[in-house]
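Note: hydrogens, waters and symmetry copies are ignored here, and every other heavy atom, side chains too, is used. In each ligand, atom 1 is the first atom listed, and ligand 1 is the first ligand listed.
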Amino acid sequence: MTSIALQLQQLQQQIAAAKHRYQATQVVTLCAVSKAQTADTVRRAYAAGQTVFGENYVQEALDKQAQLQDCAIAWHFIGPIQSNKTQPIARHFDWVHSVDRLKIAQRLSDARLDSQPPLNVCLQINISHEQSKSGASPEDIVDLALQIKQLPRLTLRGLMAIPAPLTALDAQRDQFRQVKQVFERLIAQGIALDTLSMGMSADFEAAIAEGATLVRIGSGLFGARPPRTPTLTPN
Ligand SMILES: *Cc1c(COP(=O)(O)O)cnc(C)c1O
């Protein structure tokens, strides 16, 4: 077994163990966050059975995708979205997790081709307010969800959150529980959703305990990332 295959197997076991420990009955999809990893590394993970990959930077992702066209990968865009990058994101990804305003959603819907299936989107929610700039506030989320549901080439699938990086399990769970409560409130309003994208390497067990259906794990699978080289043209 390659080391990636082994790490993947260990991670799947940790996910299964967390489900068991917290009696979580939902299906949990592993999104392998491959930012800063090479196309070769992605290919090795794919060969070991991993088919869902998450990327944060548009140009880096397009370069990798070009080298992996023979692989049946579901590409998830999970990074901040600049409005001038909506077209490549809409056309080269299957999912976008980081939609937090209507204008971006409209641009994604406009740019998605009719020949493609609808783009799956999650609304990014910010439950820790001042901690981070990204994400819609819980107060705005119902209206935003209702408006996004109207867009023709998007399918609203759920919520995504990146809570503050707390270390205590109870504190982590408390944040994820708040996300889950908003998720349930949306469903109670008649908005059909099936995806709760929450949990990263340091807190995926807490997220699973609170109902995550998709965990986004990078360093916990591939090892520590090299620092990202600053560029003058960020994407
Ligand atoms: C980088 C990143 C991850 C993965 O983080 P790890 O701590 O390496 O698992 C997950 N989600 C988002 C949005 C990210 O930017």
Discussion item. side-chain hydrogen bond (donor to acceptor under 3.5 Å, both in side chains) for Gln59 and Asp63? Distances and angles first, verdict last.
Written reply: CA-CA 6 Å; Gln59 193 53 52; Asp63 291 346; 3.0 Å; yes
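- Comparing Val33, Asn56, Asp203 by heavy-atom distance to atom 15 (O) of ligand 1, the nearest is Asn56.
- Protein heavy atom closest to atom 6 (P) of ligand 1, with residue, atom name and distance, is Ser201 OG, 3.4 Å.
- Ring planes of His76 and Trp95: parallel class, angle under 30° (limits at 30 and 60°).
- Protein heavy atom closest to atom 11 (N) of ligand 1, with residue, atom name and distance, is Arg216 NE, 2.9 Å.
- Heavy atoms of His97 found under 4.0 angstrom from ligand 1: none, in either backbone or side chain.
- With respect to atom 10 (C) of ligand 1, the closest heavy atom belonging to the protein is Met200 SD, 3.2 Å.
- No side-chain donor-acceptor contact under 3.5 Å links Gln37 to the backbone of Phe222.
- We find that Arg173 and Asp203 are not joined by a salt bridge, their nearest charged nitrogen and carboxylate oxygen being 4.0 Å or further apart.
- Annotation: Gly218 places an N or O atom under 3.5 Å from an N or O atom of ligand 1; distance criterion only.
- Looking at atom 12 (C) of ligand 1, its nearest protein heavy atom turns out to be Ile78 CD1, 3.5 Å.
- Ion pairing of Arg43 with Asp40 is absent here, as no side-chain N (NZ or NE/NH1/NH2) approaches a carboxylate O to less than 4.0 Å.
- The atoms of ligand 1 that sit less than 4.0 Å from any heavy atom of Ile217 are 9 (O).
- A single hydrophobic cluster is not seen to contain both Ile162 and Val52; linkage of ILVMFWY side chains at heavy-atom distances under 4.5 Å, directly or through other members, places them apart.
- With hydrogens left out, the protein atom closest to atom 2 (C) of ligand 1 is Lys35 NZ, 2.6 Å, a heavy atom.
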